[in-house]
Structures are given as C-alpha cells and as structure tokens.
S.K.: 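First the structure, which I've put down as structure tokens, then a few questions once you've had a look.
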There are 2 protein chains.
Amino acid sequence: MEAAYASRSSAREMVYRSLRHDILHLILKPGTKMSEQEVSERFHVSRTPVREVFVRLFQDGLVEVYPQRGTYVSLINLANVDEGRFAREVLEMAVVQDACGHLTRDDIINLESNLAQQEICHDNQSYLQMLSLDDRFHAALFRICGRERTWQMISQLNNDFFRLRVLRLSHHHDWDRIIAQHRAILDAVKENKPDTAAQTMQEHLRMVIVERKRLLQEFPDYFAQP
Amino acid sequence: MEAAYASRSSAREMVYRSLRHDILHLILKPGTKMSEQEVSERFHVSRTPVREVFVRLFQDGLVEVYPQRGTYVSLINLANVDEGRFAREVLEMAVVQDACGHLTRDDIINLESNLAQQEICHDNQSYLQMLSLDDRFHAALFRICGRERTWQMISQLNNDFFRLRVLRLSHHHDWDRIIAQHRAILDAVKENKPDTAAQTMQEHLRMVIVERKRLLQEFPDYFAQP
DNA sequence: CCTTCTAGACTACCATGGTAGTATACTGTA
DNA sequence: TACAGTATACTACCATGGTAGTCTAGAAGG
C-alpha cells in the first residue's frame, strides 16, 4: 500500500486546504456565509466535493452548518481558546522540563537559528513568517522529546487559539516580549534548568489572556458570546 | 439560530454514529474492508452520505482511504496510543491536583455513586458498562475543574487508546486494580492530598503500558507495525 | 404606519449515473 | 508447471438533478 488519501491532490483536498488556510488566517472572517454553490463555482468543481469539505471543516470546528439555512465560518470561541491554552500550558511545561535532559547539538543549532530568524522578522514586521517561526519553535521542543504527534494533536484542537494569535500578531507588533521569552526558554533548557524553563513557558502562554480583552473590544463581531 | 447540524438526525449522522460506535467497540475489527456500496445498502441510504461519513471517520483516524482501492478500518497505532496516554497523564495529573481544592458535596455523591456502580459491574462482568463508568469517572474530574471541553478534546484524539481499553476490558476481567485506583484517587482528592492524587493517577494511566505487550501478542493483526 | 400572510428564492440534503484508476482472475504461451 | 498479458469486476471520485425545509421581501389587511 502506498500513499493514502490525505497526501493525494484530489479536488476535495485542494479545496479543503485552501478554505482551511483562509479561515485560520482570517482571510475568511468569522461569521462569513459560505454556500456550496458559491465555493463550487469559485474552485470550478461540483457541489459534491465541496459538501465533503464542509464536513471536514465542521469536524475541525471551523464552520457551523445550519441545515437548509447555510454554512458559516464559526466565530472564535473564547472558552475554546482558554481550554486549548490550558492544555498547551500543562503539556508544554512537561515537555520543556523533559527537553532539558536530552538536547542535542543539532537541536541547539536549529532553535538558535529559529530565534535569529525571529529577530529578523521583528524588523521586517512579517507576521505570517513570525507565526510560522513561533509554531516551529514550539513544535521543535515537542519533537526533541519524541512527542511530535502530541503537538500535532493539540494543534488540531487549537484552531481558535490560532486565529486569536493571527489577530494579535497581525494588529499589534509588540513582539519584543514574545521573542525575549523564547530566548529565555531556550537558555533555561540549554543550562538545564527545568523549573525556570517551565515557569517561563507558563508565563509565555499566559500572555494571551491579557491580550484577549483588548482584541475582544477591537473585534467584537469576531467572537462568540460566552 | 437553533440546533446546529451535529444534533440533527440526518441519514449522515445516523450512519456516522453507528459506524463510529462499531469501530470503537471493535465490532468492526481493525483492517476490515468497508465499501461505500456495502454500507449504503446496509443502511438503506445512497452512496453520497456514506462518502461523507467516510470523510468524517477518516478525519477521526478511524478509517484509511486508499483511492480507487478501498476503505479499511484503521489498525490500532501503538505510537498514537502512547502519545494519547502521555497527554492524558500530564493533563489528568494537573486536573486531579486542581480538583483537590474545589470538590462540592454533589461532586462527592456523584463520584461515590459511580464507584459503587463499578463494584457492581465487577460482579456482573459487564465490560461495556465498566467502560462507560470509567469514562464518566475521569470526565467528572475534568468537569469539576471547569475543563469539560479539555476532556472532550483529548477523548477525540484518544480513539486508539479507547480501542485498546475495549480490548483489555473485554478479554481480561482483572478490574480489581482499576477500581482500587479509582477509589484511591477519590480518597486522595477528598482528603485534599494533591500529590498523592496525582501520583495515583499517573500510576493508573501507566497500567496500560504493561498490558499492551500481552494484547499485542494475543491480537497481532489488530495492530499497525511501528 | 404597523402587522400578518404568502410567494418565491434561496439553503443543505440525498439519489443516481458516469469515469478513471486499481486489483485480480483468467487465458494463452513457452 | 510457470509466467506474461489481458479482460473484467471492483473501488473511490466527481457531476448533476430533484426535494424538503428555511428565510425574506412584498402584498394585503387593520
């Protein structure tokens, strides 16, 4: 058996990836109506694969389907954000402590290189690249501990958290603290200080709690009522 | 806006729930072939909703789709089991520590009642009920801490872990330790001993690691090669 | 002007037919 | 017997037509 379904470039897969990307990056804004008809015309495919994409997006929590009424990009649910953040906090504190033990030479080079690129981003103000680097920084810590799948799992469940990060990074360019915290985490891991590393990670992941209020005021119609 | 898609009883939803249940409870054994045709005839619906159900099951990791070749119930992936177990361990240790603080009278009644029913199950040897009670016991701890969604999230990702538990509970009726550990956890929480509670929870969730080897030998064709 | 009712234009849902690609069983050949 | 080539019966994939349910704009009545 060779390549499975996911890796194939079917019409369904193309549409799914495109819509998923656009929703996560807020190109399709929360609350936007999406009809089978419209999407199928836009991508020049029939309605069947579009329906199947909607099923997948619904499974991801990215759209809400109201039968005979319409399909809408789901609003950002702050309760989901908070629980996703909690899961990340607990898991990443454990992971970063574990990483203190086995950090290879290559790992250090990789993480240092990532941080250097973050600095460059800070000058460029390229938030898309910053987002990607941030993800890769955290993913690397999981990979070091042999917990790559765990990262993938919580990533899947943190779609709302992701959208909040997009909103934050794209509208407020106060990335100094973020980068400083990444630096502090890396240093603590390198110096084999698990407690400091965990502490800093916790602080890092709790930043969003404060930012939340500001974003809620600034973009009230992006969020679901709690 | 009222009820959303998920709660409706469409053909798709019926078929999805039925197949999902059968796969998770090993009624449909890992590796079994499932064709659109066959399933659509069995449920007396057309192939379109069946296709959409396959998409959802694929998203859940419960089936693998090989285009133009067939759709198969996915084998149990032990790497997935282990990472899911790790996530549960870390999260549940945090949750059970947190639960020590705020345990209401109703919570105690609920959990004690659950444990009493587990004892009854132990006599009846009803593994399906035992499975359900076990899930509800752990879910209750999350709910107490206001982390119900977190439980739902990790449940979604622990399908392989779930199937391993089904295998274990249905074929080996050594439930004494499981029930005893639940009792120990509850007691520790009641007596406000967070460290003991966390420790016992860790031990509890690590039991499956040992069982794994036995099950792998007993049902080799249920598992994917690592 | 405000409310009630109705006709029409949507929506997602499901059935069905056709297509390209894959696996397999069979046939012909050495 | 062993093997190569081919026909056939599958598979999932996609296009399209019809249907019941929902929303909305405009007419009718107060």
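Just so it is clear: chains get the letters A, B, ... in the order the sequence lines come, proteins before strands, and each one is counted from 1.
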S.K.: Using the C1' atoms of the five pairs at each end, what is the angle between the end axes of the helix from C:dC1-D:dG30 to C:dA30-D:dT1, to 10°?
M.R.: 10°

S.K.: Between D:dT11 atom C1' and B:Phe54 atom CZ, what is the distance in whole Å?
M.R.: 11 Å

S.K.: May I have the list of side-chain donor-acceptor pairs in residues 139-154 of chain B shorter than 3.5 Å, sequence neighbours left out?
M.R.:
residue, atom, partner, partner atom, Å
B:Arg147, NH1, A:Asp82, OD2, 3.3
B:Arg149, NH1, A:Asn80, OD1, 3.1
B:Thr150, OG1, A:Glu83, OE1, 2.2

S.K.: Would B:Glu52 and B:Arg56 pass as an ion pair if we require N to O under 4.0 Å?
M.R.: no

S.K.: Quick one: is B:Arg69 getting a side-chain N or O under 4.0 Å of the D:dT11 phosphate, OP1 or OP2?
M.R.: no

S.K.: Is the closest side-chain heavy-atom distance between A:Arg163 and A:Leu24 below 4.5 Å?
M.R.: yes

S.K.: Measure CE/B:Met34 against C1'/D:dA12 and give the value in whole Å, please.
M.R.: 14 Å

S.K.: Working note: A:Asp134 + A:His182, criterion side chain to side chain donor-acceptor pair (under 3.5 Å); need CA distance, chi angles, decisive distance, verdict.
M.R.: CA-CA 9 Å; A:Asp134 186 22; A:His182 284 163; 3.0 Å; yes

S.K.: Without decimals, in angstroms, what is the distance between A:Gln68 CD and C:dC13 P?
M.R.: 7 Å

S.K.: Ignoring hydrogens and geometry, is there a side-chain-to-backbone donor-acceptor pair from B:Asp60 to B:Leu57 under 3.5 Å?
M.R.: no

S.K.: Between the protein and nucleotides 14-18 of chain D, list the N/O to N/O atom pairs that are separated by less than 3.5 angstrom.
M.R.:
residue, atom, partner, partner atom, Å
D:dC14, OP1, A:Ala11, N, 2.8
D:dA15, OP2, A:Ser46, N, 2.3
D:dA15, OP2, A:Ser46, OG, 2.6
D:dA15, O5', A:Ser46, OG, 3.4
D:dA15, N7, A:Thr48, OG1, 3.0
D:dT16, O4, A:Thr48, OG1, 3.0
D:dG17, O6, A:Arg47, NH2, 2.7
D:dG18, O6, A:Arg47, NH2, 3.3

S.K.: Rounded to whole Å, how long is the line connecting atom OH of B:Tyr72 with atom P of C:dT22?
M.R.: 14 Å

S.K.: Should the pair B:Arg214-B:Glu211 be classified as a salt bridge under the 4.0 Å nitrogen-to-oxygen rule?
M.R.: yes

S.K.: Between the main-chain N or O of B:Leu133 and the side-chain N or O of B:Asn114, is there a donor-acceptor pair closer than 3.5 Å?
M.R.: yes

S.K.: Given D:dT11, is OP1 or OP2 found less than 4.0 Å from the side-chain N or O atoms of B:Thr71?
M.R.: no

S.K.: Would you kindly give the NZ-to-P distance between A:Lys33 and D:dT22, to the nearest whole Å?
M.R.: 14 Å

S.K.: Quickly work out the B:Gln37 CD to D:dC13 C1' distance and round it to whole Å.
M.R.: 14 Å

S.K.: Carefully, step by step, assess B:His138 and B:Glu92 under the rule side chain to side chain donor-acceptor pair (under 3.5 Å).
M.R.: CA-CA 8 Å; B:His138 288 268; B:Glu92 296 212 43; 2.8 Å; yes

S.K.: Counting N and O atoms only, with roles assigned by atom type, does the side chain of A:Ser18 sit under 3.5 Å from a partner on the main chain of A:Met14, one being a donor and the other an acceptor?
M.R.: no

